[in-house]
Amino acid sequence: NAGVMQNPRHLVRRRGQEARLRCSPMKGHSHVYWYRQLPEEGLKFMVYLQKENIIDESGMPKERFSAEFPKEGPSILRIQQVVRGDSAAYFCASSKKDRETQYFGPGTRLLVL
Amino acid sequence: AQKVTQAQTEISVVEKEDVTLDCVYETRDTTYYLFWYKQPPSGELVFLIRRNSFDEQNEISGRYSWNFQKSTSSFNFTITASQVVDSAVYFCALSEPHTSGTYKYIFGTGTRLKVLA
């Protein structure tokens with residue numbers, strides 16, 4: 001009965017590199033959400049996906065950031081050409097349906113040097 | 001304007017004291033959901049409680065209790081007889097319908113609770 005899994009837990013990148021963050025939702029959950037937490041702040045919504053579909057990406061920066069949730073495999077949050085300001089904790093959450101409780105993964109701490 | 005306000009940035013208490021964490025929310029929707037999550041020093045987010053807007057009944061779970069009052073748009077969280085293991089950042093969140101029709105979480109900025117031995 002595994003919870004939401006995220007990997008890697010910690011990721012270090014140099015400016016200009018790409019960061020790929022993975023999220024496997026809880027068993028039976030088909031809704032995935034990504035949030036970003038800057039140091040000493042609350043979580044901010046980025047994107048909401050269902051299998052193969054982006055439902056709401058209103059919180060995602062327009063450039064360099066993309067997300068997918070393929071039919072098979074984990075959800076991926078991709079950040080291209082990272083900058084220092086991308087350093088944050090990125091949390092993934094999943095739910096069975098829209099409106100239902102979201103359960104969070106342990107997060108990926110991204111550090112951009 | 002903040003949709004979820006946690007005015008207490010940091011609270012320190014001595015073990016065994018009771019402590020209340022405040023949460024005030026703002027929404028125009030009649031159907032919405034409120035949550036509390038705990039983020040211990042290890043960093044993960046632990047779900048504590050969910051409340052829907054039609055259920056104002058207060059809830060108690062062990063040393064934890066929640067007071068939901070629509071009249072004041074508040075959803076406060078009380079820990080009775082606090083313990084050192086309660087030290088964490090606590091987040092209140094509101095889930096309301098977005099223009100897309102989906103429900104999104106809006107988090108408060110969190111309250112850091114330090115329980116001293």
Side-chain angles (χ1 to χ4, degrees), chain A residues 2-11 21 23 25-26 29-50 53-60 69 87-111, chain B residues 2-10 21-25 27 29-55 59 66 88-112 114:
Chain A
V4 178
M5 296 197 292
Q6 289 187 250
N7 67 80
R9 295 290 302 274
H10 298 273
L11 183 61
L21 287 62
C23 169
M26 283 179 72
H29 288 193
S30 58
H31 298 244
V32 166
Y33 312 80
W34 285 94
Y35 294 83
R36 177 162 64 176
Q37 184 180 30
L38 295 170
E40 304 300 318
E41 292 189 14
L43 281 76
K44 295 285 195 302
F45 168 81
M46 297 181 74
V47 62
Y48 164 33
L49 310 102
Q50 291 181 38
N53 289 309
I54 295 175
I55 306 301
D56 184 340
E57 56 182 348
S58 57
M60 193 106 95
F69 189 16
S87 295
Y90 292 83
F91 287 91
C92 168
S94 73
S95 66
K96 269 189 186 175
K97 298 178 186 176
D98 185 25
R99 299 196 198 191
E100 294 204 355
T101 299
Q102 296 177 23
Y103 293 90
F104 285 78
T108 293
R109 271 87 186 155
L110 172 65
L111 175 63
Chain B
Q2 284 280 9
K3 287 228 158 198
V4 179
T5 301
Q6 294 182 254
Q8 304 147 309
T9 306
E10 185 168 314
L21 310 182
D22 298 333
C23 175
V24 174
Y25 62 93
T27 182
D29 294 290
T30 54
T31 302
Y32 54 90
Y33 303 87
L34 295 163
F35 303 82
W36 277 94
Y37 286 83
K38 173 182 179 180
Q39 187 174 40
S42 49
E44 73 272 24
L45 273 161
V46 179
F47 166 72
L48 295 179
I49 190 170
R50 164 192 165 108
R51 257 289 170 270
N52 75 53
S53 51
F54 299 108
D55 182 2
E59 176 134 352
W66 290 270
V89 180
Y90 290 86
F91 290 99
C92 180
L94 164 71
S95 176
E96 61 176 6
H98 189 246
T99 48
S100 63
T102 61
Y103 278 68
K104 293 198 308 188
Y105 277 34
I106 301 166
F107 280 85
T109 50
T111 296
R112 182 178 300 277
K114 292 184 178 178

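FYI, side chains are in, hydrogens and waters are out, and symmetry mates aren't considered; it's all heavy atoms of this structure. Within every chain, numbering begins at 1; the chains are lettered A, B, ... in the order of the sequence lines, protein sequences first and strands thereafter.
- With a 4.5 angstrom heavy-atom cutoff, B:Thr31 touches chain A only via side-chain atoms.
- In this structure, the ring of A:Tyr35 has its center less than 6.0 angstrom from the ring center of B:Phe107.
- Counting heavy-atom pairs under 4.5 Å between each of A:Lys44, A:Glu100, A:Arg9 and chain B puts A:Glu100 at the top.
- Looking only at side-chain heavy atoms (C-beta outward), A:Thr101 and B:Phe35 come within less than 4.5 Å of each other.
- Considering CZ of A:Phe91 and CG of B:Leu45, their distance stands at 5.0 Å, rounded to 0.5 Å.
- Counting heavy atoms from C-beta outward, A:Asp56 and B:Lys104 have side chains that approach closer than 4.5 Å.
- In this structure, chain A has heavy atoms under 4.5 Å from both the backbone and the side chain of B:Tyr105.
- Proximity to chain A (any heavy atom under 4.5 Å) is restricted, for B:Tyr37, to the side chain, taken from C-beta onward.
- Residue B:Lys38 qualifies as enclosed at atom NZ: its count of foreign heavy atoms under 6.0 Å is above 12.
- Formation of a donor-acceptor pair under 3.5 Å by the A:Arg99 side chain with backbone atoms of B:Tyr32 is not found in this model.
- If you take OH on B:Tyr33 and CD on A:Gln102, they are separated by 12.5 Å, rounding to the nearest 0.5 Å.
- Aromatic rings from B:Phe47 and A:Tyr103 are positioned such that their centres are separated by under 6.0 Å.
- Partners of B:Gln39 according to the side chain to side chain donor-acceptor pair (under 3.5 Å) rule, which considers only residues two or more places apart in sequence or in another chain, are A:Gln37.
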